[in-house]
Number of protein chains: 2
Amino acid sequence: MPDQVSPSARARVMAAIQATGYTPSALGRNLRSQSTKIVLVVVPNLANPFFAEILRGIDDELVASGYGLVIGNLDNLPDREPRYVDMVFARQVDGVLLFSGRIPEDSGRLMNEAGIPVATVCVKIAGLPYVMVNDGVASAQVMEHLFALGHRRFGFIEGPVGNINAIGRKKGFRKALKKAGLDPDAASYWPGDFMFESGVEAGRQFLALKRRPTAVYAASDHMAIAFMKTVTAAGVQIPEEVSVVGFDGIEFSEFVTPTLTTISQPRHALGRTGTQVLLEALGSDCRPRSVELDAPLLIRESTGPAPKTKRRRA
Amino acid sequence: MPDQVSPSARARVMAAIQATGYTPSALGRNLRSQSTKIVLVVVPNLANPFFAEILRGIDDELVASGYGLVIGNLDNLPDREPRYVDMVFARQVDGVLLFSGRIPEDSGRLMNEAGIPVATVCVKIAGLPYVMVNDGVASAQVMEHLFALGHRRFGFIEGPVGNINAIGRKKGFRKALKKAGLDPDAASYWPGDFMFESGVEAGRQFLALKRRPTAVYAASDHMAIAFMKTVTAAGVQIPEEVSVVGFDGIEFSEFVTPTLTTISQPRHALGRTGTQVLLEALGSDCRPRSVELDAPLLIRESTGPAPKTKRRRA
DNA sequence: CGTGTCCTTGTAATCGATTACATTTCACTT
DNA sequence: AAGTGAAATGTAATCGATTACAAGGACACG
């Protein structure tokens, strides 16, 4: 059926369209087709530039497939979730993409029960397809690098409690220590929430230590950068006295002094791939696949050989 | 009409809702009410953290009013615009918020002709209400600060050609020079696009100068930060040899070394206020107002007294 | 010339919530 | 007890695009 409508009819319709400026209303179409060509993307915190780049990847893919993008910004506030669950049940969107570890699994599962496809990016929820980097593998890379530089005493700035990525990174950190014959519990752990302020606090606690780690691994670039800022302000040399590694590979990590060694998350690809997974589920009934992406370690100025110590810990 | 429906009827309906898990479909409602309770926000570049914070402000206000948020990311690509103009004409959104200076006025005007409210944030389009900071006034503040520190030789890193904010900032810069009895054309001007890379390039050009400015004013923090990074890497001391001022007040401006003196745009307030203006237009037929917000100068470490020179320019 | 097939066109039903209007029920007054 | 008003329920129309189906028209072939 290359041309279901006669040329003359087509011409007349086109002329009428030109004359009246007619545009088909999406409202009627949506009701009839029971679809909106819109995907809901739920993000824990819209202001986080890390998510912004993933969003761009998502948008690129959605635009290519003719879908629109509505943002559900949770602002890290759990009480904002029901709003978006409702949106799903009201059929206002054709599919959902969930981000990061803050969304209770309940909401995700709830949405899935509404009968529309749900996929997750940077987080796993049982039963849902996901796209993420393997945090444990990434941590292993980081530690391998630090071991090679001779470091034996470590600090770790944690992510938010319960966050799946934070957990994965910490587990990888501890596993690497154990594998190297070190006691994971001998390392210093500082609480954090991925944000600047917690990096500052970690820096203060680091400075207060008599016997400081020679390498600090932060679960996010933000915390790593704030940590660096805090300890260098106190006269500590990086990387001469302490090496610092971040996680995420945000743009700014290259523009701090010293430039930050970090795991570069393929943010754009995470967004694109996540969207592809979702669109596949949207297009067919086939079981959607999950994907793990590689995250390379970018070795820059903030890591160097471990300082010589007078006496080494037994 | 405190209670239009009898308690018994209400109870029965509620029971039925519980029993069947019924949720009203937004599709039918939208068609009937000829509205979607969704606002389209068109951003030039989603990955820019500067916009992210404004988006958060917008979202906060929209959520409070029960509206949803669809993002139109142009990615600085003009060919992505028609898509969103179509969305407007298809009545898929109740209102539009336009960002920044990249959107041709045509699209904005076109959307306005579709009969739905359009407001702009950080940009003026004739006939549309806007919310923005006064770039000229902000530039005047910057220059006043630099004059007070004794600076007489200036460099300016420009924004994208044709960008209304970039133009306003440059005009304010030149006006302040003239007012101080200096020749605006004697200053150094380096092209830019608000992004990192152009700050790096400006830094290179600065380094190549025999007679360098003692103060550099960049039309964005990104460019200022990249500029600082580039010239400090070449051994130039900030602020001893050159003072640097940015524009925007992004979060990172506080975490670079030295911390950046900059104009702090009230990003969250810009978003909120812009949304309020739009919602007012949505709620009534009254002529929407435009708003200008104040942007304070944050004086930090990157500006200091002008260096003593052997011979001063006549 | 008649009939069958194909192509057009026209009419009506559908999607689901909303709203206007008609009808019924009930309570309360005179 | 009849009548008036308010409340409650029921019925039908509406929003605009889509789609199924029926009726009309053209053409060709036997």
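First the proteins, then the strands, lettered A, B, ... as listed; each starts at 1. Keep in mind the model is a prediction, meaning the values are calculated, not measured.
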Exercise. At under 4.0 Å between heavy atoms, which parts of nucleotides 10-15 of chain D does protein reach? Answer with one letter per nucleotide, 5' to 3': B base, S sugar-phosphate only, - none.
Key: ----BB
Quiz prompt | Sub-4.5 Å side-chain heavy-atom contact between B/Val131 and B/Gln276 | solution = no
Self-check item: A/His268 side chain reached by A/Glu53 side chain, heavy atoms, under 4.5 Å
Solution: yes
Quiz prompt | Partner of A/Leu97 under side-chain contact (heavy atoms from CB on, under 4.5 Å), chosen from A/Val118, A/Thr275, A/Leu62, A/Leu69 | solution = A/Thr275
Quiz item: B/Arg29 side chain N/O closer than 4.0 Å to the phosphate oxygens (OP1, OP2) of C/dG16?
Solution: no
Exercise. Could you please spell out the steps behind the side-chain contact (heavy atoms from CB on, under 4.5 Å) verdict for A/Arg267 and A/Phe50?
Key: CA-CA 8 Å; A/Arg267 301 196 298 281; A/Phe50 175 69; 3.1 Å; yes
Practice problem: Evaluate the ring planes of B/Phe252 and A/Phe252, with Trp represented by its six-membered ring, and classify them as parallel (under 30°), tilted (30 to 60°) or perpendicular (over 60°). | Solution: parallel
Practice problem: Take the protein atom CD of A/Gln92 and the nucleotide atom C1' of C/dA17, then report the distance between them rounded to whole Å. | Solution: 13 Å
Self-check item: Whole angstrom value for the distance that separates P of C/dT18 from CG of A/Leu27
Solution: 13 Å
